[in-house]
Amino acid sequence: MTKDEKSQLVTTQRYLKSAVDYFSCGRVAEGVACIENVDVLIEALMTLKERKESLRASKSKK
């Protein structure tokens, strides 16, 4: 795992904790916004992983 990927996971963790805090005190809109940010970060990480795997596979074939 790269330093950037780890940083994104830590940020995702913070967003999830914030979402729980917001939901528990009734601030639903803010909680939903945090969850949406988590979704974006996870999608970015998944895309990066797929891209790395694709590059490895294409290098292996050569």
Side-chain angles (χ1 to χ4, degrees):
M1 179 180 299
T2 67
K3 191 174 183 179
D4 186 48
E5 291 168 336
K6 186 172 182 172
S7 174
Q8 287 180 331
L9 285 175
V10 169
T11 301
T12 300
Q13 182 182 25
R14 278 190 278 129
Y15 277 126
L16 287 172
K17 287 179 180 180
S18 293
V20 169
D21 291 341
Y22 286 136
F23 286 134
S24 66
C25 69
R27 297 174 69 184
V28 176
E30 289 87 350
V32 170
C34 286
I35 297 298
E36 288 171 351
N37 289 335
V38 168
D39 188 45
V40 169
L41 286 172
I42 290 174
E43 188 65 35
L45 285 170
M46 296 291 286
T47 301
L48 287 172
K49 181 181 178 197
E50 290 171 2
R51 190 171 193 189
K52 283 182 183 179
E53 289 173 356
S54 176
L55 287 172
R56 284 186 196 140
S58 66
K59 285 181 181 180
S60 299
K61 291 180 183 179
K62 290 182 180 181

Handout entry: Qualifying residues under side chain to side chain contact (heavy atoms under 4.5 Å, CB included), relative to Gln13, sequence neighbours excluded
Key = Lys17
Handout entry: Residue list, side chain to side chain contact (heavy atoms under 4.5 Å, CB included) with Thr2, at least two apart or on another chain
Key = Asp4, Glu5, Lys52
Give the other cluster members for [X], using side-chain heavy-atom distances under 4.5 Å between Ile, Leu, Val, Met, Phe, Trp and Tyr residues; answer none if it is isolated.
X     : value
Ile42 : Tyr15, Leu16, Phe23, Val28, Val32, Ile35, Val38, Leu41, Met46
Leu48 : none
Tyr22 : none

Problem - Check: Ser18 side chain, Arg14 main-chain N or O, donor-acceptor pair, under 3.5 Å - result: yes
Exercise for the section: Kindly say whether Lys3 contributes a backbone atom to a donor-acceptor pair with the side chain of Ser7 at under 3.5 angstrom? Expected result: no
Fill in the blank from the handout: Taken to the nearest 0.5 Å, the spacing of Lys59 NZ from Arg56 CZ works out to 9.0 Å
Completion exercise
Interatomic distance, CD@Gln8 vs OG1@Thr12, rounded to 0.5 Å, equals 7.0 Å
Handout entry: Residue pairs, two or more places apart or on separate chains, that pass salt bridge (Lys or Arg N to Asp or Glu O under 4.0 Å) and touch residues 28-39
Key = Arg27-Glu30
